Amino acid sequence: MPLYDQEALEKFRLSGKILRESREEMRGYVRENMSVLEVCEHAEELIRKKGGKPAFPCNVSINEVAAHYTSPPGDKSTIPPRSVVKIDMGVHIDGYVTDTACTVSFDPQYDIMVSVAETALQTAIDTIHGDISPSKIGGAVETAIKNRGFQPIQNLTGHSVGRYQVHAGTSIPNVHQTTFGKLKTGEIYALEPFVTVREAGGAVEDLPQKTIFRLVKTKSTKNADAKQLLKYIEENFYTLPFTERWLQDVLPPSQYKNAFKELLATKAIMGYPVFVEVTRKMVTQAEHTVLVKEDGCTVLT
Ligand code: MN
Ligand code: MN
């Protein structure tokens, strides 16, 4: 039995089309000194206007920050001059998730690193097919990056996507490492190499800051405000990641803060830490979502 029926695949395809158009518009939209909040909101608005829903908040990760930064409410940060900006976006149609990213460089010195991430992604796309081991894709990506004088971030991976799932269980490494099992024809994967300079540590670590959150489980809470907030999260995002920006109209500001704290404290929700390169070196990224075929793949984004 196929993993997804025709109706589900059509929803993945529509999700991917909306995301592709949105990514290309964002690539030309982001500018030095622009407010990061404006970039995030514009990306999410584009997705909604085209009939999709954001599968997660738009990530705008700058320079040595590799992933998982989205503007918190009222964010005052701006795109620094001569920076390297990763824009990572997701769309879902009825829960069917696609995920894509591009890097925009405002420093010509890093243009090559942007194109190496794109080449590494193309290598993964050219390598993937049904019944391949994820470690083979990782090996091909690692070689493509190292041959060009750079190195992959070893602890960030691609991943299977599914219905209401951004990370559906299987990882695709960006280095040659032992993995178990094989990819199946009909599965859908996000491929996403991250590239840094040869002198870097080549890995990311957590920052204390968390700007993206996800429902863990709906448990009963005595706090009525927390209960209302949790109900809103469950009904609107289900198991998909969200930002506090999307919760600002649920409760009066005076009650919101404590309700949100309560949900974190009781582990009804969890936060994703911002990822930064361990030696604080520049990071670039490229990402597409693909449908695995017996003899290759179809790029959905
Ligand atoms: Mn992504
Ligand atoms: Mn991804």
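Keep in mind that this is a model prediction, so the values were computed, not measured. In each ligand, atom 1 is the first atom listed, and ligand 1 is the first ligand listed.
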Inset, instruction - Using distance alone, with no hydrogens and no angle criterion, decide if Glu38 and Tyr29 have a side-chain donor and acceptor under 3.5 Å apart. - result: yes
Inset, instruction - Would you tell me whether Thr98 and Ser15 have side-chain atoms, one donor and one acceptor, within less than 3.5 Å of each other? - result: yes
Legend entry - Sidechain N-carboxylate O distance under 4.0 Å for Glu24, Lys50: no
Inset, instruction - Let me see the working for Glu234 and Lys217 under salt bridge (charged side-chain N to carboxylate O under 4.0 Å, His left out), right down to the final yes or no. - result: CA-CA 9 Å; Glu234 194 189 359; Lys217 53 178 160 187; over 6 Å; no
Of all N/O/S atoms in [X], which lies nearest to the Mn ion (ligand 2)?
X: Asp99; answer: OD2
X: His159; answer: NE2
X: Glu192; answer: OE2
X: Glu287; answer: OE2

Legend entry - Asp88 atom (N/O/S) at minimal separation from the Mn ion (ligand 1): OD1
Inset, instruction - Look at the aromatic rings of Tyr164 and Tyr238 and report parallel, tilted or perpendicular, splitting at 30° and 60°. - result: perpendicular
